[in-house]
Each structure stands twice: as structure tokens, then as C-alpha cells.
Amino acid sequence: MKVLLIGAGKGGSALLSILHEDKEIEIVGVVDNNPLAEGLKIARQYNIPTYTQYEKLIRRDDLDVIIDVTRNPQVHTDITKSKPENTEILGGLSAKLIWNLVEERKKKEEEIQKSLSEQKALYRIGIMLASAPDMNDVFQTIVRSGLEITNTPAGSLALYDAEKSELELTAVHGFSPEFSLKATRWKVRPGGLTSRILSQKQPVVVPDITEESAIDTRVIFAEGIRSLVATPLTAENKIVGILYVDDYKPRTFTKRDISILELLATQATIAIKKAKTRQQLERNNQILKQTMDYLQNVLDNSADMIITTDIENNVVEFNKGAEEILGYTQSESVGKPFCGFFTNHHHCNQLLAKIKQEGKISNQETQFVTKQNKIINISITLSQLKDTAGNMIGTVGISRDITEFKRTQAQLVQAGKLAGIGQLAAGIAHEINNPLSGVLGYAKRLLKKAEDEELKKIPGLEPFQREMKLIVDSALRCKKIIDGLLKFSRTSETVSIAVNINEVIDEALILFGNQLSSQNIELNKVLSPNIPTIRANHTQIQQVFTDIIINAIQAMSNGGKLTIATRPVNSSAVEIEFTDTGEGISKENLPKIFEPFFTTREPGKGTGLGLYMIYRILQEHHGHIDVRSEVGKGATFVITLPVADVNT
């Protein structure tokens, strides 16, 4: 169908756009006496011929319809006279009808377009609300969205606390900073705007606040607000907040404005609920993480072994304390049978059976075997692990290595025995010393008589003098040994005296004369004759030397050589060096040898107190001791002591 359009003004322009979209209509031309008419410009964009005169065009035989939208009677008369017989004319009322239809369609298109824009806006807002990282962003997004879809310059969001009957401002836009300070939180006033919203549970529209006497408008009026819409946010038929959109001029908000604000309020309510749930979950997760971290910290930093098992008694948790004590890593231990750590599997099964019956055992002593096959004594407390229903799902065991404790306990008992022996030795020495003094006195008298020349002439008494001298020498040796025992067992003197360390060494060696030779130990003394005196407790220093000699003898069970040397050092100190060719000390044990009760000997054969006491005595004398040793190459102990002050 071929159509000629006369009139390219407002109506013609709108009609042209509609006709051009219809594929069955061919527009042969657009006519307007104004060459700058809007419709002519549109026609040229569509490549439709344009004209300023219509006289020749209306006579075309191929025209089906001539549309006259000029509303000019003369134009209509000319068309009627000149048009072909079969050509239809649309003008006058027909043109007006077409115009109205065009206007109506245009309005509907605008409505559809606006609705689509609103739907897109709501969709976009929904995405923004869902992706808001925290609660404050949710609140701000709700307010900005309300302003966007209603084209208003200001707005705010307040959450409602039903228990306190008050609102709290959570987001604001378009207001002064002072407003946020004044209206942070407010009570619901009977008869006020908030009270009306809470009772109606519907949006409240105020086109002009100056005409609302029931509303306290002083605060918002000071901000320049003249109109507003307050939309409730409702969850489960309960108001949880109110969204306000405000304008600086009086305004009549449309039903569409109210409707879209209600849709936004629904989205906002869901978003706030989700944000609160997410916030609570994050808070709970944080608390849970802190609890987990705390428990893990307890597990990791506990010096005791903490081992948990499942219902099949296989290891589930194996802490660092267990790793350090047993030598196994967590990965090696998880899944391993718990009883595999016990030296006595039967005892383990007994304990587990008792756990099932009684629920708990405390401080049970047993033995574990380490990865290095070392047996250790432990004290274990075991209890059931239960789920929330109270069913047993495994066990948790806290174990403490008491090997050193038991060794110390045995050593203390041994030390007590030694103390008793020392007291007994002192008593015996005193008892022997008295009759020995008598023996020595009479022996000396007999020796003096044996020196008589007349007595020597008596037959059979020739060896008498030599034998009596041997008795005196032996008695003197016994007396020295007894004196040494008395000094060794005597409690420490509180007064220090000038001491010659060479003499103290000789006194200490008297106790070991026969023992050294019987054990095939060669003694080499390199004592400096010019050694200065030291100020010391004689008994304690003798005890130091005696203990070191004892250790050296014990280290050379198959014989060897003991070298004792003394020398001055820079005129301010003296050094006493003891070197043996015994079994030596391992590198890992060297840092421990001066610890109390540390010993590498079997239980009952050493207290571990000797070197500790040496260390303590030397500290009290402002001295120190160093040791050098290699396994199989003997050991050297070097003692350094300050020389005596000449003024004391």
C-alpha cells in the first residue's frame, strides 16, 4: 500500500515513525511547505522523498491513501478535487483519530519503557544488595536506590527496635552532617509520622510538610525538606525499618512511585535479613575459629602428650608434645593403633576396657616405647570422648613423661642412703681413730726400743726394727685415711682459709692409693711448685678433687692413665687439670653433665649428684669448671680458682 503524507509537523513526525515500521506500507513522499519541518528531517533519515509542494503528487495514479494532518481546509479541498478516483483520503476527524491513536500508543510505549526501566533498576538494585560486602553497604545501597527510582535528592533509612520502641538512623543522603548527629536515635511519639506508619503498615505520603500539623517537622524542615514518602520495611508482618525519600519542594508522589518503593522495601527487607544472617554467621565463624585456634594452641604448646582416638582405638589427634616425647610425627601416628605405643599391649587393653566401664581413669602409671625403642615411664589420664547425643566416639588421653621424676625419686632415696652411710663412716672412723692412736703410740715406743744396739744383738730380733717401722708406717697410713674420711663426711665449714691446692690433691690421693694400682691406673702428677695459695673451704675443695678422681677411676675400668696438673694463670688464678684416658663423654651429654641427678650409669650405680655438687661448690668459690671430651678418647676437666688476696 502506497501512502503520501502531507504535513511534517509534530503529528506528521509521530505518524511517520509508526508508518515506517509497517512493512506493508510504502511511503512515497512526505510534504510540508516548511523545508525545516521535523518530519522532513526524519523522512530523509529513512531515505523517503521529501517535498514542499503537493499539487503534482496528489494526482499520482498509484496512490492508495493520502494522509492529511495539516488541519488546513484548503489543503483538504485541493486533495479532494485532484486525487485519482480510487485514492482514499484520511484527514479531518480521521486524522484526529489517527493522531489520538498515535498519542495513546506513544504514552503506552513510554509506560512500558518506564516499567522496563524500573524493573531493570530493581534488578540491578537486587544484585547490588546481594553483593554488598557488609551491613553498612546494604543500608547505603537501599537509600541510594530509593532516591534513584523516585528521582528525589535526599533520603534515609532507620531500623526499628520494637522492644525499645525507637528508631536508629543507619544511612542518610542529602542531609547536613549535623542532621545525623541530631537524629541518630529517636523514640516513637504517639500521633507522629512513625506512629502512623507502625499502625497502618503502609507507605505514608506527605506532599507538603508545612500542611501537616500532626508531624514534628522542625528537624527536616531545617534541612529544606518539603515533601516525603515513608515506606515501612516489613518482615513476617512486623516492621523492621522505614525508608524515607525526601524532596526539597512540595511534590505529589504518584502511585507508581509508591508501588516501586514498596517493591524496593521488600528487596531491602530481604537484603537486611540476609546481611544480618551473614553477619551473625561471620561472628559465629570468628568465635568458632578463635575457639579452634585456642584449642589448637593448647594442643600445640602443651608439654604433655595429648592423643585422641576414634571408637576403634586408632589415633586421631597427636600433638607436638607427643611428637617430641615419642619421636613420631603426626602423619606417622594418625590411624595407628593407640596400644602400639605401649610396651605392654595387654595393659593398654585393660585401661581401654576400664574407660568404657567407668568413663575415666586418672594418673595411671604405665610405659611407652619411643620411635628410638627407648622405654619411658608415663602417667596417663584417659577419658571418653562423646558426641552431642552422649554416645562414646573415642578417647582423649593426656600423658606425662615421668621417667626423670622416677629416676630423681630413686636418686633421692639413694642420696639419703649415701648420707646415712657417710654418717656411719664418720662414726666408724671416730671409733677406729681412738684405738688406732693407741696402737700407733705403742708402736712408736717399740720402734724406739728396737733402735737399741743391745737389742739388735739378741738372736732372732734382727728384723724387729724393720718390722716395727713397717707397723708404724702402716698405722700412719691408716690414720691419714681415717682423717680423710672424717674431712669428707664432715659438714661444710663456714670459714675459708688459705689453702695450698697441691697439698689438698695429695690428701685426696691418699684415699685412692691401692685402688689406682689395683685397677692398673697409672698416676701422673705435674704439680707446679710455685702454685699460689687460694682462699677456700678446705673440706669442699677436697670433696671436688675427690669426686673428679672417683669419676676418672670409674671411667677407666680397664686401666689407663690419670694426669693431674696444677699451674698459675696470670698471677690472679690457678688451674687444676684432671685428664683421664677413659671412655669419654658423648657430645649430646656434655651440656647435661652438671645438671642435678644426671647420670649415664645404670640405676643404683650413680646418683648424678657428684658433678652437680662440684659445679655448685666452685660457683661459691667464684671459680668455674670446663670439660673437653670425645667418646673413646677420655676426658679433661679444668678447674679455675682465684688466688687468695694478700690483704686477707
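- Between Leu15 and Leu19 there is a side-chain heavy-atom pair separated by less than 4.5 Å.
- Look at Asp64 and Lys2 and you find no salt bridge, because none of the NZ, NE, NH1 or NH2 atoms lies under 4.0 Å from a carboxylate O.
- Ile89 places a side-chain heavy atom less than 4.5 Å from the side chain of His76.
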Evaluate salt bridge (Lys or Arg N to Asp or Glu O under 4.0 Å) for Asp257 paired with Arg251, printing each intermediate quantity in order.
CA-CA 12 Å; Asp257 292 332; Arg251 172 176 170 178; 3.7 Å; yes
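- Panel note: side chain Thr170, backbone Leu157; a donor-acceptor pair is recorded below 3.5 Å.
- Between the side chain of Asn349 and the backbone N or O of His345, at least one donor-acceptor pair lies under 3.5 Å.
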Begin with the C-alpha distance, continue with both residues' side-chain angles, and end with the deciding distance and a verdict on ring-ring contact (aromatic ring centres under 6.0 Å, His included) for Phe318 and Phe338.
CA-CA 10 Å; Phe318 193 83; Phe338 179 54; 9.6 Å; no
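- Environment of NZ in Lys354: sparse, with no more than 12 heavy atoms of neighbouring residues, nucleotides or ligands closer than 6.0 Å.
- Distance check: Asn313 CG to Cys348 SG gives 7.0 Å after rounding to the nearest 0.5 Å.
- Distance alone, capped at 3.5 Å, places no donor-acceptor pair between the Thr269 side chain and the Ala235 backbone.
- When atom types are taken as modelled, the side chain of Ser199 and the backbone of Ser195 share a donor-acceptor pair closer than 3.5 angstrom.
- Put simply, the side chain of Arg44 reaches to within 4.5 Å of the side chain of Thr50, judged on heavy atoms.
- Between Leu326 and Lys371, every side-chain heavy-atom pair lies at or beyond the 4.5 Å cut-off.
- Between Tyr244 and Val143 there is no side-chain heavy-atom pair separated by less than 4.5 Å.
- Ionic pairing of Lys249 and Asp208 is not present here: no N-O contact between side-chain nitrogen and carboxylate oxygen is shorter than 4.0 angstrom.
- Relative to the six-membered ring of Tyr51, Lys56 misses at least one condition, a distance below 6.0 Å or an angle of at most 45° to the axis.
- Annotation: side chain of Ile79 is in contact with side chain of Ile6 (closest heavy-atom distance under 4.5 Å).
- You'll find the side chain of Leu264 reaches within 4.5 Å of the side chain of Ile149, heavy atoms only.
- To the nearest 0.5 angstrom, Asp161 atom CG is 8.0 Å from Lys187 atom NZ.
- Between Lys320 and Asn301 there is no side-chain heavy-atom pair separated by less than 4.5 Å.
- Judged by distance alone, with hydrogens and angles left aside, the side-chain atoms of Asn297 form no donor-acceptor pair with the main-chain N or O of Asp293 at under 3.5 Å.
- Under a cutoff of 6.0 Å and an axis angle of 45°, Arg226 and Phe221 form a cation-pi pair.
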